[in-house]
Amino acid sequence: MKKFYLGVLIVLLATGTIVARPIPDEYVSHYSDIDLDFIRTHYLSINNGRPIRIDGNFTSFTWLKPYKYKQALHDIGFNVENYNLVQLSIKEKDDFHYSFPILFFHSEAGDLTELEQLKKGERVAVYGRFYNLKKSEWAMEVDLVETIQKGGHDRDVLINGLVDPTLTPTPTFTSTPGPNLFQKVNNLINPKESPTPTGTITPEATPGK
């Protein structure tokens, strides 16, 4: 019995260590690193659904009322009832301009209390897919939010918004035999008891009666 509890303790400690790790570089490479000033001035030229990464200094965040964006999200293929909406205020790298991206997190990401931990001026990065909501507004369906310290050397995941690709209307990654990169990263950050099968599942044949 003592060995059992020791084994559980080791697993928990290992899990805590994994959660604290930064996002793997091979995962980051799937996102286009785009400056906020470029998005602010050229957002109409960016394709909807494009995986992007933005970063800047956090200023504040505001909860948005979902019903106000029900039609806007419906127009790009999303059901607002499945998401929590937040507007972020981020100071751009020029230390003068500000950007106000609308972030929508899948409800499975939790109540987002992690945002309350952010301090004004703290550098943050957001990974997700870009969407033009028109009316001079742009948004991101968020996969991950990380904090960046010490000139970019220390990066930690703040919010993991990754969900099963079948739950999102516009999945970025296609199914391939065996675990894909999406699943590997999600299992690394948020390990599950049993992995979700990928690829095409062929029903077993049943004998005739």
Side-chain angles (χ1 to χ4, degrees), residues 19-66 68-69 72-73 76 78 80 83-106 109-162 170 172 185-186 188-190:
V19 171
R21 290 178 181 174
I23 303 170
D25 290 337
E26 62 268 24
Y27 180 74
V28 174
S29 64
H30 287 265
Y31 294 82
S32 301
D33 199 346
I34 301 183
D35 288 337
L36 287 167
D37 63 336
F38 179 85
I39 299 178
R40 176 167 44 80
T41 56
H42 298 82
Y43 69 93
L44 292 175
S45 64
I46 303 175
N47 293 331
N48 279 350
R50 179 177 178 179
I52 67 171
R53 173 191 180 276
I54 62 172
D55 78 82
N57 294 325
F58 170 81
T59 301
S60 63
F61 75 93
T62 304
W63 291 102
L64 299 177
K65 296 179 179 179
K68 288 188 176 181
Y69 290 87
L73 264 64
I76 57 176
F78 292 92
V80 72
Y83 293 89
N84 293 315
L85 276 63
V86 174
Q87 186 162 41
L88 215 59
S89 175
I90 304 178
K91 181 180 282 190
E92 298 177 13
K93 294 179 181 179
D94 63 6
D95 206 30
F96 177 73
H97 290 98
Y98 289 82
S99 286
F100 308 94
I102 294 173
L103 309 180
F104 49 103
F105 297 81
H106 200 280
D111 55 10
L112 308 179
T113 54
E114 297 90 343
L115 292 173
E116 298 174 0
Q117 303 172 15
L118 290 173
K119 299 177 182 178
K120 186 176 182 179
E122 188 172 8
R123 187 179 172 193
V124 297
V126 182
Y127 299 77
R129 281 158 299 284
F130 171 91
Y131 290 95
N132 173 21
L133 298 184
K134 303 177 181 179
K135 296 183 180 179
S136 301
E137 290 184 320
W138 59 276
M140 290 178 66
E141 182 194 16
V142 179
D143 288 336
L144 296 165
V145 178
E146 69 174 359
T147 57
I148 306 172
Q149 308 290 340
K150 297 182 179 180
H153 297 291
D154 290 348
R155 297 163 27 225
D156 292 318
V157 174
L158 179 69
I159 299 175
N160 174 17
L162 292 168
T170 54
T172 302
V185 175
N186 196 29
L188 177 67
I189 297 173
N190 187 22

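Residue indices begin at 1 and follow the sequence shown.
- The distance from atom CG of Asp143 to atom NE2 of His106, rounded to the nearest 0.5 Å, is 11.5 Å.
- One side chain, Ser32 or Arg50, offers a donor N or O that lies under 3.5 Å from an acceptor on the other.
- Ile90 has its side chain within reach of Pro101: a pair of non-hydrogen atoms, C-beta onward, lies under 4.5 Å apart.
- A distance-only check finds a donor-acceptor pair linking the side chain of Asp94 to the backbone of Phe96 [under 3.5 Å].
- Residues Glu137 and Tyr131 bring no donor and acceptor atom of their side chains to less than 3.5 Å of each other.
- With ring centers used as reference points, Tyr83 lies 6.0 Å or more from Phe105.
- Nearest approach of Asp111 to Trp63, heavy atoms of both residues: O-CH2, 3.5 Å.
- Looking only at side-chain heavy atoms (C-beta outward), Leu88 and Phe58 come within less than 4.5 Å of each other.
- Here the CG-CD1 distance, from Asn47 to Ile52, works out to 11.5 Å after rounding to the nearest 0.5 Å.
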- request: Would you sort out whether Tyr98 and Ser89 count as a side-chain contact (heavy atoms from CB on, under 4.5 Å), showing the intermediate values?
  value: CA-CA 7 Å; Tyr98 289 82; Ser89 175; 4.0 Å; yes
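- If you take CG on Leu115 and CG on Asn84, they are separated by 10.0 Å, rounding to the nearest 0.5 Å.
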- Item | salt bridge (charged side-chain N to carboxylate O under 4.0 Å, His left out) evaluation trace for Arg53 with Asp55 | CA-CA 7 Å; Arg53 173 191 180 276; Asp55 78 82; 3.0 Å; yes
Exercise. After noting the C-alpha distance and the side-chain angles of Ile46 and Asn132, does the key distance pass the side-chain contact (heavy atoms from CB on, under 4.5 Å) rule?
Worked result: CA-CA 8 Å; Ile46 303 175; Asn132 173 21; over 6 Å; no
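- Going from atom CG of Leu144 over to atom OH of Tyr31 covers 6.0 Å, rounded to the nearest 0.5 Å.
- The shortest heavy-atom contact between Gln117 and Glu122 is O-OE1, 4.3 Å.
- Under the salt bridge (charged side-chain N to carboxylate O under 4.0 Å, His left out) criterion, Arg40 pairs with Glu92, sequence neighbours left out.
- Expressed to the nearest 0.5 Å, how far CG of Asn48 lies from CG of Leu133 amounts to 8.0 Å.
- Gln87 places a side-chain N or O within 3.5 Å of a backbone atom of Phe100 that can act as its donor or acceptor partner.
- Of all the heavy atoms in Ser99 and Leu36, the pair that sits closest is OG-CB, 3.6 Å.
- Using a 4.5 Å heavy-atom threshold, the side chains of Val124 and Glu146 count as separate.
- Note that the OG1 atom of Thr147 and the CZ atom of Arg123 stand 11.0 Å from one another [nearest 0.5 Å].
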